[in-house]
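This one's a predicted model, so the numbers in the text were calculated from it and none came from an experiment. Only heavy atoms go into these numbers, but all of them, side chains included; no hydrogens, no water, no symmetry mates.
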Amino acid sequence: MQKQGTLTFYESFAFITLITMSKIFYTSVTSAMNLTKTSTWFMTLISCFSSVIMFYICCKLMERFPGENLFGVFEGILGKFFGKIFGMFVCAYAVYYSSSNLIEFVNMLKVYSLPNTPPTLIITTMLIAALIIVYLGLEVIGKISSLLLIPVILGLLSIFLFAAPKYNFDAIKPYLGVGLKKTFEVGFLRSSAYTEVTILLVLINSIGGVKQIKKIGISSLILTGILFSISFLCYTFIFGYAAGGENISGLFELSTTIYFNRFFQRVDSILLFTWIIPSIVTTSAGIYLCLIDYSNVFKIKDYKPLIFPFLFIIFVVTSLPKNSSEVIEINMKIIRQYSFLPLYIFPIILLIISILFNKKGKNYNAKKA
């Protein structure tokens, strides 16, 4: 099996944070506001809290199988046949995830920055960048993430700061929005917006074990939850929930409102940098997960010959949606409202099965001792 390389604590933290927060720049802000109106800012905190709990439970599953990644746990509990089937399901989902995020990014870029550029050219450019990163391996992904996390966050916060003079703090009223019951329901479903953290369960042996991924995952979830909440608040202060639910990309619309004088405008160029970098890392992460998953299922030692076939598959899948509305209404709903079912709930079910039938890894007793 392909050696994945190793990541430090900060590299892993930066990697997970970047790919999780990347959706802030897409349609996530406006789609969430359409669901929960003025309570969106604390709805996402409910999503974050739900994700922290479910990820913690998933880590309990990994503790029963020391030295195994998520695919090894699947086979240990379900047997090799069903374990491989679920592994292929995860691989297919990773292809779908990468393609959907890529086409959403392309649609946003065409609307706001490159209206006359052919989508195929943008997709090809993104895939070439992802190809280079994935070919160089996990350690390069980690180093790129660690280098760019702080500039991306500073760029994002600068947008919120520059827009502050135009904030209308009364726009957040009524504070309970659509009501606590609906907010909690949507908040639980929207825990899917944080499921990127489950990649740590696959990369566990490259990061340092269960204790390490638990610290990385929870700290990354907390940071991204805070960033999501701040972005929802600032967006609501500018547009309110009525107009805010009509925009395509909430954060980009927010950046276009910034104007100091004729010598200081078009601050959205800052956001463009903070937008493209997480998108490239997210696409690379999805492709890397496809390759590692496929290699684990079929015991392939070197994933590099598989890069071009998977890039071609992703390129084809990006052409399937007929228009941007289909991407937003179907693809993003699946990824950001229901992906918690296979990525959180299924591992929790496996934990219950492993406890009931006393299934443990070969090294479990040695680890306990």
Side-chain angles (χ1 to χ4, degrees), residues 1-7 12 15 19 58 61-62 64-102 127-128 130-142 195-207 209-210 213 282-318 320 334-335 339 341-344 346-347 349-351 353-354 359-363:
M1 193 158 44
Q2 173 74 29
K3 187 181 184 297
Q4 295 180 16
T6 57
L7 297 178
S12 306
F15 171 51
I19 64 175
C58 290
L61 170 65
M62 305 306 295
R64 297 179 66 84
F65 294 83
E68 297 284 354
N69 64 12
L70 187 60
F71 305 121
V73 173
F74 288 161
E75 292 189 9
I77 296 176
L78 301 175
K80 289 189 176 181
F81 178 75
F82 289 105
K84 289 182 183 295
I85 288 178
F86 191 78
M88 286 305 299
F89 170 80
V90 174
C91 183
Y93 173 78
V95 170
Y96 178 75
Y97 171 87
S98 302
S99 304
S100 297
N101 278 280
L102 180 55
L127 289 179
I128 290 174
L131 182 152
I132 296 171
I133 294 172
V134 171
Y135 183 84
L136 294 175
L138 179 63
E139 292 180 347
V140 171
I141 297 176
T195 51
E196 285 84 356
V197 73
T198 55
I199 293 179
L200 291 172
L201 306 178
V202 178
L203 305 178
I204 184 170
N205 294 324
S206 298
I207 296 174
V210 178
I213 69 165
T282 300
T283 303
S284 302
I287 295 170
Y288 184 80
L289 181 61
C290 299
L291 297 169
I292 291 300
D293 186 3
Y294 194 87
S295 300
N296 272 274
V297 170
F298 294 102
K299 309 301 180 187
I300 298 173
K301 293 183 178 181
D302 188 1
Y303 69 76
K304 290 180 179 178
L306 300 172
I307 294 178
F308 277 104
F310 271 97
L311 286 179
F312 178 75
I313 293 171
I314 290 171
F315 181 84
V316 170
V317 176
T318 58
L320 294 180
I334 292 173
I335 290 176
S339 63
L341 292 171
L343 299 179
Y344 281 147
F346 190 76
I349 293 173
L350 289 183
L351 174 62
I353 293 173
S354 69
K359 290 183 176 288
K360 302 172 184 175
K362 296 177 182 179
N363 302 321

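- In this structure, the separation between NZ on K360 and CD on E68 is 15.5 Å, given to the nearest 0.5 Å.
- With ring centers used as reference points, F310 lies 6.0 Å or more from Y303.
- Scanning both residues, N205 and G67, for their nearest heavy atoms gives ND2-O, 3.2 Å.
- In this structure, the side chain of D293 does not engage the main chain of M88 through any donor-acceptor pair within 3.5 Å.
- No side-chain heavy atom of V73 sits less than 4.5 Å from a side-chain heavy atom of L201.
- Taking CD1 of I213 as the reference point, atom CD1 of I204 lies at 4.0 Å (rounded to 0.5 Å).
- Closest approach of L343 to C58, counting heavy atoms only: O-SG, 4.4 Å.
- Put simply, CD1 on I141 and OH on Y288 are 6.5 Å apart, with the number rounded to the nearest 0.5 Å.
- Residue C290 holds its SG atom at 11.5 Å from CD1 of I307, rounded to the nearest 0.5 Å.
- Counting heavy atoms from C-beta outward, T282 and Y97 have side chains that approach closer than 4.5 Å.
- No option in F346, F71, F81 other than F346 meets the ring pair (Phe, Tyr, Trp, His ring centres under 6.0 Å) test with F86.
- The two residues I133 and S284 come nearest to each other via the heavy atoms CD1-OG, 3.7 Å.
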Evaluation steps, side chain to side chain contact (heavy atoms under 4.5 Å, CB included), between R64 and L351: CA-CA 9 Å; R64 297 179 66 84; L351 174 62; 3.7 Å; yes

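- If you run side chain to side chain contact (heavy atoms under 4.5 Å, CB included) between F74 and each of I85, N69, V90, only V90 comes through.
- Taking the side chain as every heavy atom from C-beta outward, F89 and P342 approach each other to under 4.5 Å.
- Rounding to the nearest 0.5 angstrom, the gap separating the CG atom in L70 from the CD atom in E75 is 11.0 Å.
- Around atom CZ of F82, no more than 12 heavy atoms belonging to other residues, nucleotides or ligands sit under 6.0 Å away.
- A search for ring-ring contact (aromatic ring centres under 6.0 Å, His included) contacts involving F315 returns nothing, not counting sequence neighbours.
- Here the CG-CD1 distance, from L78 to I353, works out to 6.5 Å after rounding to the nearest 0.5 Å.
- Across all non-hydrogen atoms, the minimal contact from G142 to L7 is CA-CD2, 3.7 Å.
- Here the shortest heavy-atom pairing between I292 and V202 reads CG2-CG1, 4.1 Å.
- Residue V140 comes nearest to L136 through the heavy atom pair CG2-CB, 3.5 Å, listed as atom of the first residue, atom of the second, then distance.
- Within the 4.5 Å cutoff, the side chain of L127 has heavy atoms near those of the I287 side chain.
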